[in-house]
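Here the structure is laid out as structure tokens; the discussion comes afterwards.
Numbers restart at 1 for each chain; the letters A, B, ... are given by sequence-line order, proteins then strands.
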There are 2 protein chains.
Amino acid sequence: MTERKKLTLKDIAKELGVSISTASRALKSHPDIAEETIRLVKEYAEKHHYVPNYLAVNFRKNKTFTIGLIVPELVHHFFSTVISGAIDEAKKQGYNILVSQSNDILADELTACQTMLGSSVDGLLISISNETMEGEHLNEFINEGRPIVQFDKITDQVKSPKVIVDDFEGAYQAVKHLIEMGYKKIAHMRGRLEVKNANDRCEGYQKALQDFGYGLNKEWVKNCVLINEKEGYDFAKELMESDNPPDAFFCITDLVAIGVMKYLKDHGFKIPSQVGVVGFSNWKLAEVVSPGLSSVEQHGYDMGKRATRLLIDLIKNHNLDSEETIQIKTKMIVRESSQMKGKNL
Amino acid sequence: MTERKKLTLKDIAKELGVSISTASRALKSHPDIAEETIRLVKEYAEKHHYVPNYLAVNFRKNKTFTIGLIVPELVHHFFSTVISGAIDEAKKQGYNILVSQSNDILADELTACQTMLGSSVDGLLISISNETMEGEHLNEFINEGRPIVQFDKITDQVKSPKVIVDDFEGAYQAVKHLIEMGYKKIAHMRGRLEVKNANDRCEGYQKALQDFGYGLNKEWVKNCVLINEKEGYDFAKELMESDNPPDAFFCITDLVAIGVMKYLKDHGFKIPSQVGVVGFSNWKLAEVVSPGLSSVEQHGYDMGKRATRLLIDLIKNHNLDSEETIQIKTKMIVRESSQMKGKNL
DNA sequence: CTGTTAGCGCATTCAG
DNA sequence: CTGAATGCGCTAACAG
């Protein structure tokens, strides 16, 4: 209960025999104020540890210098990377970040938005949940004059700027890489049909096959729903036991790829000499697993920074109509799991 | 630029021909107000989507219902788990969380604290950086009447409640497990000498050795600084190439353990039949690596929830003097990497 | 160069 | 049961 009462502008004004507004302006080195006065006020403020009451400042200015950030899952390598970038960029620009997660549940996303609106964030960064089909809750922000920027998992239902990974190109490069390494029967463990990222990656996969003269074998395309190792393992089993097993797997995410690799290793298939595997996202675990898993780097940190920079610009310019879309280029990270030259090892 | 001007209490008061204070009280179903009036006001507010200006409310009440959370690193499985728990608990209690990271750099931690103070959080959750040696910046919060709760990486320099993992016991159990599995020459890859968690784990390691009648061989204790795979790999190499190589490794964290395993696999040592390995933290990668890495689960999510609950209690009770310490029990997760019975596989 | 004044939106005390 | 009045701390327009 040590609490000492806070020093206010009024206190320092009274103490120094100036008016409150003079004190206020002096602290901001307003050109109207005499050098001497400024010095005096600043000195006093410094000495007595004056700290402005930001609640009052924010109230007055109707701004909080805080932005909201909602992701589906916080405990997720990619998203935590994005958040990290967002926080670093925000800090640089003097903004704070309020973080929340939806757990891929629409109701949770709605609540989070409500709280964010309530706590008066100046703008919102959001990656929507799998369940989000329409964007009324997001439009509310825009209607209230607070810009939003969507990233990674987006919906076109909401008119706003977007920062996305070039999923199509990333997938294309991954499959191209597999083809160049000599694999000829490339399967794809894809994600949910309703999720844009999954569709884009699947299209990249198909386009690459097509461009290099391979047909699409639909049996080699499997729909993952939970996107975890078990699905990877099970689908790998299904395909490898079929009459026409593939010789490579391009997986929607690293976790699925790990499951595939586990099945392959458990059943004596050599990676990469017999079967190649490529994941997506380049999680830490792609690096430490053996053989090292080739994967597509999404530059999450950069995405977080760019999205935040964009949002803060919109806030500053009071711009609510932008629909600018930034595509983050992916990068193919080649490790052992896809290097067929290892055939004779 | 669609912005519609916000409805205020004044507007609805004028519209309904009542006073502002009546409107205000009606919305809160104050007992003084007539049922009928309450109904009227609420109906109007509802119909016109009245939303209180929280900036004004917060300013008036001098509260933000926001708490700050600072961790060394956001992209880190354990910390993101803690954050996840903190956010979920905070949400349940109507609080928001402002997240920041120090990158284990003192200067960044100071800045983060400054911003948090500035944005008037009601309280602070913090896990300090490796560089933090004294806690003046934390005491500032307490002096301003805002409670803080330290978690995981803590300093006794600051009088505050703490939520910590029982590192000693976790380490003890891990080493006990290795001993029970039949390993007799257990090395320890420890963390920095200045970090409490590292010391506690090292003590648990030593105590277990002692309790089971093993002496401490100082050559088998290595100081990791960066706490990454490379250090694990390099120290494993050093030890395994020495005159008296250990037959098991207890590592300060999973990443180091992965490095150790990599060295062992690369050089033909069988895990776990020849050499056992146990990590700490139970990251996702412990589960997916092969052989599966035995590890000590720290229950980060639970830690986040408990710390948050504690902090909110302190805020509500305006309690700044508590020094309560909660110890979170660890759990030994046994996977293949430490099961010597596999000797004859 | 400085002071006076007004007001942001709301909660609350004090009178009726 | 209701209204008038006050002030939270700060900013900014306006007046000297």
Task: Angle of first-five versus last-five pair axes in the helix from C/dC1-D/dG16 to C/dG16-D/dC1, to 10 degrees - done: 50°
Open item on the list: Within the supplied structure, the quantity of interest is the number of heavy atoms (other residues, nucleotides, ligands) at a distance under 6.0 Å from A/Lys63 NZ; does it exceed 12?
Closed with: yes
Using the 3.5 Å cut-off, write out each protein N or O paired with an N or O of nucleotides 4-8 of chain C and the distance between them.
unit_1	atom_1	unit_2	atom_2	d
C/dT4	O4	A/Ser21	OG	3.1
C/dG7	N2	A/Arg60	NH1	3.0

Task: Residue pair B/Asp88 / B/Tyr301, side-chain donor-acceptor N/O under 3.5 Å - done: yes
Task: Within 6.0 angstrom of B/Lys61 NZ, more than 12 heavy atoms from elsewhere - done: no
Open item on the list: Check this for me: does any side-chain nitrogen of one of B/Glu43 and B/Lys47 sit under 4.0 Å from a carboxylate oxygen of the other?
Closed with: no
Open item on the list: Base, sugar-phosphate or nothing for B/Tyr50? Non-hydrogen atoms, less than 4.0 Å.
Closed with: sugar-phosphate
- [ ] For B/Glu140 and B/Leu117, work out which heavy atoms get closest and say how close.
- [x] OE1-CD1, 3.3 Å
Open item on the list: For a 4.0 angstrom threshold against heavy atoms of chain A, report the outermost contacting nucleotides of DNA chain D in 5' to 3' order.
Closed with: D/dC8 to D/dC14
Output a table of donor-acceptor pairs, distance under 3.5 Å, between side-chain atoms of residues 153-165 of chain B and any protein atom two or more places apart or on a different chain; print 'none' if there are none.
unit_1	atom_1	unit_2	atom_2	d
B/Lys153	NZ	B/Asp104	OD1	3.4
B/Lys153	NZ	B/Asn130	OD1	2.7
B/Thr155	OG1	B/Gln157	N	3.0
B/Ser160	OG	B/Gln150	NE2	3.3
B/Lys162	NZ	B/Val158	O	3.3
B/Lys162	NZ	B/Ser160	O	3.1

Open item on the list: With a sphere of 6.0 Å drawn around NZ of A/Lys316, does it hold more than 12 non-hydrogen atoms of other residues, nucleotides or ligands?
Closed with: yes
Open item on the list: Check this for me, if you would: do B/Glu46 and B/Lys42 make a salt bridge, where the nitrogen-to-carboxylate-oxygen distance has to be below 4.0 angstrom?
Closed with: no
Task: Value in whole Å for how far the C1' atom of C/dA15 lies from CG of B/Asp32 - done: 13 Å
Task: Sole residue of A/Thr66, A/Thr64, A/Leu55, A/Asn58 in side chain to side chain contact (heavy atoms under 4.5 Å, CB included) with B/Thr64 - done: A/Leu55
Got a list of side-chain donor-acceptor pairs under 3.5 Å for residues 71-80 of chain B, not counting sequence neighbours?
unit_1	atom_1	unit_2	atom_2	d
B/His76	ND1	B/Phe78	N	3.2
B/Ser80	OG	B/His76	O	3.3
B/Ser80	OG	B/His77	O	3.1

Open item on the list: Under 4.0 Å, heavy atom to any atom of DNA chain D: which of residues 34-47 of chain B qualify?
Closed with: B/Ala34, B/Thr37
TODO: Please report the closest heavy-atom contact between B/Ala23 and B/Val41, naming both atoms and the distance.
DONE: O-CG1, 3.9 Å
